[in-house]
J.: 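Supplied in structure tokens, the structure appears directly below.
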Amino acid sequence: MRPSWDKYFMEIAHLVKTRSTCIRRQVGAVVVKDKRILSTGYNGAPTNCKHCSEVGCLRAELNVPSGERHELCRALHAEQNAIAQAAQHGISMKDATIYVTNQPCSLCAKLIINAGLSQIIYEGEYPDTLSSQLLSEAGITLIQLNE
């Protein structure tokens, strides 16, 4: 059976997350506009830096709960990498949709807002209520996909 566009792009996000080098959670993101993929991203260390799978995870060592103390993580989130990739290639995110395998955190929500994306479609929950508040205040549509 042919998948809906939302299911199609979310399946691609799940494939993208297989490149993640995060020890705790693998996340994939796909930015789409007019049914065309603009960029993709997965969570992992910055370019030319060692991956968490190589050096370990400070947040795990310190038993930091999910959704807290993002500054201790050496990795970028999938959404951050997708937006950075587009910026490197001069691609505007204005009015695009981002498909993410997990709900964005507040750091990513702020970046999504300022990058001009208009909609987020996600699957898994993420424990960050500030994210939802900021996105609502900014008028960004947040949809949990349950197909």
Side-chain angles (χ1 to χ4, degrees), residues 3-33 35-89 91 93 96-147:
S4 69
W5 284 109
D6 287 341
K7 185 69 175 170
Y8 172 73
F9 290 122
M10 188 60 74
E11 287 179 12
I12 293 171
H14 279 284
L15 179 60
V16 170
K17 83 177 186 179
T18 64
R19 294 279 306 151
S20 172
T21 58
C22 179
I23 296 167
R24 293 173 59 144
R25 179 192 313 252
Q26 288 71 47
V27 179
V30 178
V31 179
V32 175
K33 187 171 183 180
K35 299 178 183 166
R36 300 289 180 254
I37 295 173
L38 302 179
S39 69
T40 65
Y42 53 87
N43 53 332
T47 304
N48 298 322
C49 294
K50 291 185 179 180
H51 295 286
C52 305
S53 55
E54 296 174 85
V55 298
C57 176
L58 180 59
R59 291 177 72 232
E61 291 170 21
L62 297 174
N63 293 315
V64 175
S66 182
E68 296 180 16
R69 303 291 313 271
H70 294 111
E71 76 278 6
L72 296 177
C73 181
R74 70 184 292 113
L76 282 87
H77 288 184
E79 303 93 322
Q80 295 167 337
N81 271 325
I83 292 169
Q85 181 188 85
Q88 283 187 346
H89 296 283
I91 300 169
M93 302 276 100
T97 295
I98 188 166
Y99 290 82
V100 192
T101 56
N102 288 87
Q103 181 180 348
C105 71
S106 57
L107 296 175
C108 290
K110 291 183 273 187
L111 189 59
I112 287 167
I113 292 165
N114 279 7
L117 286 103
S118 62
Q119 182 173 249
I120 300 164
I121 299 178
Y122 72 97
E123 280 187 343
E125 298 284 340
Y126 191 75
D128 190 334
T129 55
L130 177 59
S131 173
S132 300
Q133 292 168 357
L134 290 168
L135 293 165
S136 176
E137 186 177 335
I140 308 290
T141 304
L142 185 64
I143 299 169
Q144 186 170 17
L145 188 62
N146 294 318
E147 286 188 21

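We use all heavy atoms of the structure for the numbers below, so side chains are in, but hydrogens, waters and symmetry mates are not.
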J.: Between Q85 and T40, is there a side-chain heavy-atom distance shorter than 4.5 Å?
T.: yes

J.: Hey, could you give me the CD1/OG distance between I112 and S118, rounded to the nearest 0.5 Å?
T.: 11.0 Å

J.: So, taking the atom named CD in E79 and the one named CG in L117, what distance separates them when rounded to the nearest 0.5 Å?
T.: 10.5 Å

J.: With no hydrogens and no angle check, is any side-chain donor or acceptor of R74 less than 3.5 Å from a backbone partner on K50?
T.: yes

J.: Does the Q88 side chain pair with the main chain of A84, one donor and one acceptor, at a distance under 3.5 Å?
T.: no

J.: Donor-acceptor pair, N43 side chain versus R25 backbone, under 3.5 Å?
T.: yes

J.: Extract all donor-acceptor atom pairs below 3.5 Å that involve side chains of residues 132-145 and protein atoms in other chains or at least two apart in sequence.
T.:
residue: S132; atom: OG; partner: Q103; partner atom: NE2; Å: 2.9
residue: Q144; atom: NE2; partner: E123; partner atom: O; Å: 2.6
residue: Q144; atom: NE2; partner: E125; partner atom: OE2; Å: 3.3

J.: Considering only heavy atoms from C-beta outward, does the side chain of Y126 approach that of S66 to under 4.5 Å?
T.: yes

J.: Would a distance-only check, ignoring hydrogens and angles, find a side-chain to backbone donor-acceptor pair under 3.5 Å from S131 to A109?
T.: no

J.: Any sub-3.5 Å donor-acceptor pair from D128's side-chain atoms to S106's backbone N or O?
T.: yes

J.: Quick one: does any side-chain atom of N81 pair with a main-chain N or O of Y42 as donor and acceptor, under 3.5 Å?
T.: yes

J.: Working note: R69 + E71, criterion salt bridge (Lys or Arg N to Asp or Glu O under 4.0 Å); need CA distance, chi angles, decisive distance, verdict.
T.: CA-CA 5 Å; R69 303 291 313 271; E71 76 278 6; 2.5 Å; yes

J.: At what distance, to the nearest 0.5 angstrom, does OG1 of T97 lie from CG of L38?
T.: 9.5 Å

J.: Where does the angle between the aromatic ring planes of F9 and Y99 fall among parallel (under 30°), tilted (30 to 60°) and perpendicular (over 60°)?
T.: tilted

J.: Donor-acceptor pair, R59 side chain versus E68 backbone, under 3.5 Å?
T.: yes

J.: CG/L62 to CG/L72 distance, rounded to the nearest 0.5 angstrom?
T.: 6.5 Å

J.: Do S20 and V27 have side chains that approach each other closer than 4.5 Å (heavy atoms only, starting at C-beta)?
T.: no

J.: Is S39 reaching over with its side chain to a backbone N or O of V31, donor-acceptor style, under 3.5 angstrom?
T.: no

